[in-house]
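One structure is given here, and the rest of the page talks about it.
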Amino acid sequence: MGIPYSYSFRNLWTRRLTTLLTASGMGLVVFVFAATLMLAEGLQQTLVQTGSFDNVVVLRKAANSEVQSGVERGQAALVESQPEVAIGSDGKPLLAKELVVLINLKKRDGNKPANVVIRGVNAVSLKLRPAIRLKEGRMPREGSAEVIAGASIARRFKGGGLGETLRFGMRDWRVVGVFDAGSTGFSSEIWGDVDQMMQAFRRQVYSSIIFRLRDSSGFDAFKARIEGDPRLTVEAKRETRYYLDQSESMAKFLRILGLVLTIVFSIGAVIGATITMYAAVANRVTEIGTLRALGFQRRSILSAFIMEALLLGLCGGMLGVGGASFMQLITISTMNWASFSELAFSFALTFGIVWKSLLFSVVMGFIGGALPAVRASRMNIVEALRAT
Amino acid sequence: MAAPQAPIVEIRDLAKSYHRGSQLIPVLSGINFDIARGEFVALMGPSGSGKSTLLNLIAGIDSADRGSIRIAGVEITALSESELARWRAGNVGFIFQFYNLIPVLTAYENVELPLLLTSLKRRERREHVEAVLSVVGLADRMDHYPSQLSGGQQQRVAIARAIVTDPEILVADEPTGDLDRASAEEILLLMDQLVHQFKKTVIMVTHDPRAAEKAHIIRHLEKGELSAT
């Protein structure tokens, strides 16, 4: 048995102001670390939840997003005739040929313009996205210049609210409904009748085709057939995969940014921990000499001080994670670089992020405490006792 | 094991010097010294005479340049550092001038420390700690931290810590040096009790002639050499 853990813990408690200050420094770094991971996680969750596993998105080959894609009417008809497409209770295929166009709208606060997705939809589009429900108003009538806006558009963009009018595609569009799409990317979209949209924007081709699979396991066969068909220049993805791919580059960017920032900051925090631990060792030279005289081995001294540094790091980690958990209350809106449109999402704290952050803080504590602990363990007993 | 009548401490031709910069300063030169079991020895001498160095060497916390130290039959100069630490844990009790209690541990926990190096169970440790704290008369102060105790009480906790593993030898470096007259007297009485009642061998470095009076044998060190009194 070595030196009891309570020794390490109580020493931290005895000099609690120093402990708190050092731990706060580490906590700030952990906060940045956790917050960027939460941001990437939130972004990904938002985009992945946007998709449904049984839905298939058909895009032009090599198009990364709906904005870049185009599917001709003839090709769309071919896709519609495939046996994997589910049929609704009304006998019509559960398939929507949609148009996605980016327009510029001004925000309510500050008048700053931002890109917004306009989606031309048909009656099935809503059925394909069970997460979406109309919150206020009604659905647009077919053949009319009416639209419904996602909750986040209604809140943040001029003219996006119920009863207001938006101008785009050289026409005025009345917002007749506001839909809630939970935390999905659809919250940041405006929907209207696809045929009206194609006229307004003078488009000849659809952007994408979305349909429900008759049987979830039929996806591979469908994909192989349509991608091998020489008449078609399209590719198929499960909707979840499609949105995951969209979020991948941004999430990766956020994670790398977070990592670089925290590595730089953590050097400062580790130096802080080292100074604190060196001071702790310097103040307890006689104690160390006494423990060694009593028969405790060098490694016991080493592990007692390492333990103290780990606990210090853990305190910092808990402060950081505690602070970061409040970030969940904040919603961020940013440009989604994959679709070049505005996207609203929240910081998401997961168990994985918690333990990664705590591990990170403990590692900082370890690195900061290593040298002081080695110094403590190497002290000459007689000289240490003489330091009284 | 040495025979009971053999001296517990046998020191032969012991030498030790220190470096001060490039200068070599001899502290002990060719010391020969035996201590019988159950004796109370006081080492006296002016500052820098090497008495603390001699005590540290006997206690196994310093290493000699030359010579032999046999304690209860064990040649401690031949032990490695970690063997020496284990040997100290089982065979030597330390009493320091400034008590050297761990401030963040209670009296109980301070006394328990050396027992953490043994294989005793928690319950057995508790029995030992409570027993020695009653010997030093502090059974009611177990949960006090050192800062809540007087100097004399702290030194008594330190003595309890020194005897809790039941070592044969106790080394004391100026045990009354930081105490008032009355507390010093109590500590000396306690040490006397350890020698007579518990048959400990006590080696004490002191400047205090009244402390030395309690000892059976007083040895003077002068310029690194011993003289009997």
Side-chain angles (χ1 to χ4, degrees), chain A residues 1-20 276-277 279-305 307-309 311-312 315 374-388, chain B residues 16 18 27 52-53 55-57 59-63 80-106 108-122 125 145-147 158 161-162 164-165 167 171 173-174 177-178:
Chain A
M1 206 183 208
I3 298 165
Y5 296 143
S6 55
Y7 171 75
S8 306
F9 177 76
R10 285 190 211 157
N11 272 303
L12 284 177
W13 181 248
T14 304
R15 51 190 165 86
R16 41 193 173 270
L17 184 65
T18 317
T19 301
L20 185 70
T276 302
M277 288 308 296
V281 171
N283 284 331
R284 306 218 297 272
V285 171
T286 316
E287 253 172 80
I288 295 163
T290 306
L291 288 167
R292 295 268 290 121
L294 292 181
F296 287 97
Q297 303 278 357
R298 285 182 191 277
R299 59 171 183 274
S300 298
I301 305 291
L302 184 76
S303 54
F305 278 90
M307 178 55 66
E308 197 166 317
L311 280 171
L312 183 64
C315 289
V374 167
R375 182 194 205 167
S377 74
R378 291 224 175 136
M379 260 172 210
N380 176 291
I381 304 176
V382 174
E383 283 170 19
L385 287 173
R386 213 178 277 153
T388 307
Chain B
K16 173 80 184 172
Y18 283 117
V27 185
S52 286
T53 301
L55 192 75
N56 290 340
L57 287 166
I61 57 172
D62 202 354
S63 57
S80 74
E81 195 184 84
S82 76
E83 286 169 332
L84 206 51
R86 234 166 297 151
W87 176 82
R88 284 195 301 270
N91 296 278
V92 189
F94 287 87
I95 302 165
F96 302 95
Q97 179 174 3
F98 300 106
Y99 337 124
N100 292 21
L101 298 176
I102 309 297
V104 298
L105 301 182
T106 62
Y108 177 91
E109 289 164 332
N110 265 289
V111 176
E112 191 191 21
L113 269 180
L115 293 178
L116 298 177
L117 295 164
T118 66
S119 57
L120 292 181
K121 302 261 179 302
R122 176 187 279 268
R125 291 203 300 268
Y145 285 91
S147 59
R161 179 178 68 185
V164 75
T165 54
V171 295
D173 196 347
E174 303 274 10
D178 195 47

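Lettering of chains follows the sequences in order, A, B, ..., and the numbering in each one begins at 1.
Looking at heavy atoms from C-beta onward, Ile381(A) lies in side-chain contact with Arg88(B) at the 4.5 angstrom threshold. Counting heavy atoms from C-beta on, the side chains of Leu113(B) and Phe296(A) come closer than 4.5 Å. At a threshold of 4.5 Å between non-hydrogen side-chain atoms, the residues Ile102(B) and Leu291(A) count as touching. When side chains are defined from C-beta on, Asn100(B) counts as touching Thr286(A), because their heavy atoms get closer than 4.5 Å.
Between Arg161(B) and Leu294(A), the shortest heavy-atom distance links the atoms CD-CD1, 3.8 Å. For the pair Ala89(B) and Gly295(A), the tightest heavy-atom approach, listed with the atom from each and the gap, is CB-CA, 4.0 Å. Here the closest heavy-atom approach between residue Gly2(A) and residue Leu116(B) is recorded as O-CD1, 3.9 Å.
Crowding of Tyr18(B) atom OH: a count of heavy atoms from other residues, nucleotides or ligands under 6.0 Å exceeding 12. Counting heavy atoms of neighbouring residues, nucleotides and ligands inside a 6.0 Å radius, atom CZ of Arg378(A) does not exceed 12 of them.
Of the listed residues (Phe94(B), Phe96(B), Phe98(B)), just one forms a side-chain contact (heavy atoms from CB on, under 4.5 Å) with Thr290(A), and that residue is Phe96(B).
The part of Glu109(B) that comes within reach of chain A is its side chain, from C-beta onward, which places non-hydrogen atoms under 4.5 angstrom from that chain. Contacts between Tyr145(B) and chain A at a heavy-atom distance below 4.5 Å involve the side chain alone, from C-beta outward. Contacts between Asn56(B) and chain A at a heavy-atom distance below 4.5 Å involve the side chain alone, from C-beta outward.
Of the inter-residue distances, the one linking Glu383(A) atom CD with Ile61(B) atom CD1 reads 11.5 Å to the nearest 0.5 angstrom. A distance of 6.0 Å separates CZ of Arg10(A) from OG1 of Thr106(B), quoted to the nearest 0.5 Å.
In terms of heavy-atom pairs under 4.5 angstrom with chain A, the leader among Leu101(B), Val104(B), Val92(B) is Val104(B).
Within residues 298-305 of chain A, the residues having any heavy atom under 4.5 Å from a heavy atom of chain B are, by residue number, Arg298(A).
With Arg292(A) contributing its side chain and Ala85(B) its backbone, the two residues share no donor-acceptor pair below 3.5 Å.
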